[in-house]
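Inspection log for the structure reproduced underneath, given as structure tokens.
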Number of protein chains: 2
Amino acid sequence: MKGLLRPARRTTLADDVYESVRALVMDHAVAPGERINIDALARRLEVSPTPVREALARLESDGLVRKRPLVGYTAAPLLTRTEFDELVEMRLILETASARRVAERFAGQRTGGDTNSGDGGGEASAGLAGELAELRREAELPDQMPGTEGFAAIAAFTAQDARFHHLLAERSGNRMLHAAVVRLRAHLHLFRLHFPTAHYGTSAREHLRIVDAIGTGDPDAAGTAIRDHLLAAADRHLPFFQGNRCG
Amino acid sequence: MKGLLRPARRTTLADDVYESVRALVMDHAVAPGERINIDALARRLEVSPTPVREALARLESDGLVRKRPLVGYTAAPLLTRTEFDELVEMRLILETASARRVAERFAGQRTGGDTNSGDGGGEASAGLAGELAELRREAELPDQMPGTEGFAAIAAFTAQDARFHHLLAERSGNRMLHAAVVRLRAHLHLFRLHFPTAHYGTSAREHLRIVDAIGTGDPDAAGTAIRDHLLAAADRHLPFFQGNRCG
DNA sequence: ACGGCACCGTTCCTATAGGATCTTCGATCG
DNA sequence: CGATCGAAGATCCTATAGGAACGGTGCCGT
């Protein structure tokens, strides 16, 4: 129908729909637990129900939507207290390992390590220095964010926080680990949007401490730093479970 | 068409197709990297292409099939050496945490722990003892398997090994951790089927050592035991990477 | 008044047909 | 002889229509 405007598409319609619906859920354009009508969504996105169905199937694997057979899809409900605790534990497991791994890479480079890597020591060193600088830049950003308030500020802060943690996981060098961290992140994002909290300065300080520990090449210090950060962040979110019965 | 035979289906057709295709890939009914024709698959399963497409979308999220836009789906290619190493590292991260967690639960029960759990101490204790017995039973099974040879024996061994590790992850009490372990397992299963190896006795011994460590309630011992097991298992699979260029 | 039952609207689920795209094969030119 | 261009085949992707099941509502019986 309107495919004529993009003759050489590299991505299929279902992929676009996937991103759109994902954005819809992540931005709370559809409330948690709300029913998702396939036909209505198809009309809204101006596509046929088939690619919508395909996109929803993928989103269900990601845990962002839930499917009840012969009833329909619903947006993922908010995390219960138990699920929140499990999420925190998973983050501790994955991100501690991630931070340790990055620190180990720096330690290996610092002590000379093996020079038989194809890239050559100098370039690798420069690459690592660049990585550290990039991490530090992402860590510092929350502290420099404009003093905007309200929903947009929360969303921006959350996105920035996600960038830092994703970058850290990516730099672990383990793609599976990175993917696992990203997957978990979606749920926390939803939770944060529903219970807005932003501790710009605190978050930036803790992030910088993690980066510093990594820079020294000490896996234990890096692990401790990120562990403290995750636990502190969890504590900051904990009050929202008091006095709401959805947990 | 033939839905009349199951009037009160609790599962949709796409779910059945998902399981079927998953079994097809897991049993190497379709070779790794082989192209998957949607229409052909639909005819073979006697359904329309739509649910097949939906099932493939979910399988792609699981990493079992790959999709190239406007080209088609292909069965997941075999793990490269790099991916295998990453898989081993992920298993170390997840399953070590899992074993530690189970051991901690036993330690808490043994030392009396908190008695304010709603189930009551006695029942919880009996439950834990039952869990340990169940784990031990699963761990011992590989050593008692019939001396069958060939593909079926390999498949049976692999399935039994998977049951033990899945049960261990499930008993960690963290559903997300369990899901993550199960997800990783699929890839290892494919790899094993392509390079058949079975060390029944060795595997059973190592499993029992893990169970024993858990029974003592010592997280460090449990972590060490499963770490040794995973590393040993990885070493047993390593030779298959020598002299094949698909890595 | 309360529980069980039947009806109806809505929605999902499945099947089929047509348009667009990529791959492959063959012919042609340098 | 190799490379490039063009066309045919196969496949995927999308759109639309019809059948089946579930949830809600009103009625009836106890």
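Fair warning: this is a prediction, and the values are worked out from it, not measured in the lab. By convention in this document, chain letters (A, B, ...) are assigned in the order of the sequence lines, proteins followed by strands, and residues within each chain are numbered from 1.
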Query raised in the report: Quick one: does A:R22's side chain get under 4.5 Å of A:D62's, heavy atoms only?
Result: yes

**Report entry** Nearest-angstrom distance from the residue atom CD of A:E46 to C1' of D:dT16
**Finding:** 17 Å

**Report entry** Most 5' of A:T50 and B:G72 on DNA chain D, judged by nearest nucleotide
**Finding:** B:G72

Query raised in the report: Between C:dT14, C:dC22, C:dT16, which one does the side chain of A:R53 approach most closely?
Result: C:dT14

Query - Nucleotide of C:dA15, C:dT16, C:dC22 approaching B:V71 most closely (side-chain heavy atoms) - result: C:dC22

Report summary line: Of the candidates D:dC13, C:dC13, D:dT16, the side chain of A:S48 sits closest to D:dT16

Query raised in the report: A:L41 CG to C:dC13 P: how many Å, rounded?
Result: 14 Å

Report task. Could you tell me the separation between the CZ atom of A:R43 and the P atom of D:dA15, rounded to a whole number of Å? Result -> 14 Å

Requested in this report: Report the residue (B:R35 or B:E54) whose heavy-atom-nearest nucleotide on DNA chain C is the more 5′ of the two.
Outcome: B:E54

Query raised in the report: Among C:dT23, D:dC13, D:dC22, which is the nearest nucleotide to the side chain of A:L70?
Result: D:dC22

Query raised in the report: Reckon B:I36 touches a base, only the sugar-phosphate, or nothing at all at heavy-atom distances under 4.0 Å?
Result: sugar-phosphate

Query raised in the report: Between A:H207 and A:F164, what is the ring plane arrangement, given parallel below 30°, perpendicular above 60°, and tilted in between?
Result: parallel

Query raised in the report: If only side-chain N and O atoms of B:N37 are considered, is one of them under 4.0 Å from the OP1 or OP2 phosphate oxygen of D:dA10?
Result: no

Report task. Send over the distance from A:L56 CG to C:dT11 C1', rounded to a whole Å. Result -> 14 Å

Query raised in the report: Given D:dC12, D:dG23, D:dC13, which nucleotide is nearest the side-chain atoms of B:D39?
Result: D:dC12

Query raised in the report: Thinking salt bridges, do A:D161 and A:R185 make one under a 4.0 Å N-O criterion?
Result: yes

Query raised in the report: Under a 4.0 Å N-O cut-off, is there an ion pair linking A:R81 with A:D85?
Result: yes

Report summary line: The nucleotide from D:dC12, C:dT14, D:dT16 with an atom nearest the side chain of B:I38 is D:dC12

Query raised in the report: Within the distance-only criterion (no hydrogens, no angle test), does the side chain of B:H189 pair as donor or acceptor with the backbone N or O of B:T158 below 3.5 angstrom?
Result: no

Report summary line: Whole-Å distance, A:Y73 OH to D:dC22 P, equals 17 Å

Query raised in the report: Expressed in angstrom and rounded to an integer, what is the separation of A:L13 atom CG from D:dT14 atom P?
Result: 4 Å

Report summary line: From CZ of B:R68 across to P of D:dT11 the rounded distance in Å is 14 Å

